Amino acid sequence: EDQVTQSPEALRLQEGESSSLNCSYTVSGLRGLFWYRQDPGKGPEFLFTLYSAGEEKEKERLKATLTKKESFLHITAPKPEDSATYLCAVQGANSKLTFGKGITLSVRP
Amino acid sequence: GAGVSQSPSNKVTEKGKDVELRCDPISGHTALYWYRQSLGQGLEFLIYFQGNSAPDKSGLPSDRFSAERTGGSVSTLTIQRTQQEDSAVYLCASRETRNTEAFFGQGTRLTVV
């Protein structure tokens, strides 16, 4: 059974304080690893897809990386508007997306 | 282009009543998912439709839950004889093919009183 574990559960940062969010996974035949952002009362918003170990994607202050066992979402010089819950999901051979419980990020001005 | 649309956005129902939740996926997307999100929890997989293939129903929590997708487009999730533990946000997502990113709707918040 595919499994995703995200850590820490919650993270509080000062504006400008860079950090990383972790997503550890086990999956049979990785077809893709996905990062989403979710704001309160909204549906998840797609951020990145990573398909193979060593791959990296960047968007503004966010950078996602992938190894064979985990993915990191690096946040450089975060701003208060980056506050949200960040979700990680994996897809195995059966096309089902398995999500972690998410990491709640708070960025203080 | 419109995104994934879900209706209603909020639904309050009495215990024991049946409810129907609707999802309009992005036009042309062949894959459609239903997930459930309870307070403070991750997304729990319910069911997955891919084209004309038989749906993957492995996540449906009981036989009170069912879903259909008509004409490869609109999907309806039905919960019969609702219970208080069914209270959650129900999210629908669609994707163009089985390996591309999935796009989510805003969800339906279901409250069973």
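In this text, all values refer to a predicted model and were calculated from it rather than measured experimentally. Lettering of chains follows the sequences in order, A, B, ..., and the numbering in each one begins at 1.
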### Task
Could you tell me which of Gln50(B), Glu44(B), Gln37(B) has the largest number of non-hydrogen atom pairs under 4.5 Å with chain A?
Gln37(B)
### Message
Under 4.5 Å from any heavy atom of chain A, what part of Leu43(B) do you find: side chain, backbone, both or neither?
### Response
both
### Message
Any carboxylate oxygen within less than 4.0 angstrom of a Lys/Arg side-chain nitrogen, looking at Arg61(A) and Asp82(A)?
### Response
yes
### Message
Counting only non-hydrogen atoms closer than 4.5 Å, does Phe48(A) touch chain B with its backbone (N, CA, C, O), its side chain (CB onward), both, or neither?
### Response
neither
### Ala31(B) versus chain A, the contacting section by heavy-atom distance below 4.5 Å
neither
#### Entry: Distance-only polar pair, side chains of Gln14(A) and Arg108(A), donor-acceptor under 3.5 Å
yes
### Query
Nearest heavy-atom pair of Ala102(B) and Arg95(B): which atoms, and what distance?
CA-CB, 3.9 Å
### Summary
Per-residue tally against chain B (heavy atom, under 4.5 Å) across Leu97(A), Leu87(A), Thr49(A) peaks at Leu97(A)
### Interface residue of largest heavy-atom contact number with chain B, from Gly41(A), Ala89(A), Gly102(A), Pro44(A), under 4.5 Å
Pro44(A)
### Query
Between Gln91(A), Lys42(A), Gln6(A), which residue shows the highest count of heavy-atom pairs closer than 4.5 Å to chain B?
Gln91(A)
### Query
CG of Leu21(A) to CZ of Phe72(A): how many Å apart, nearest 0.5 Å?
10.0 Å
### Task
Against chain A, label Thr100(B) side chain, backbone, both or neither, depending on which of its atoms sit under 4.5 Å from a heavy atom there.
backbone
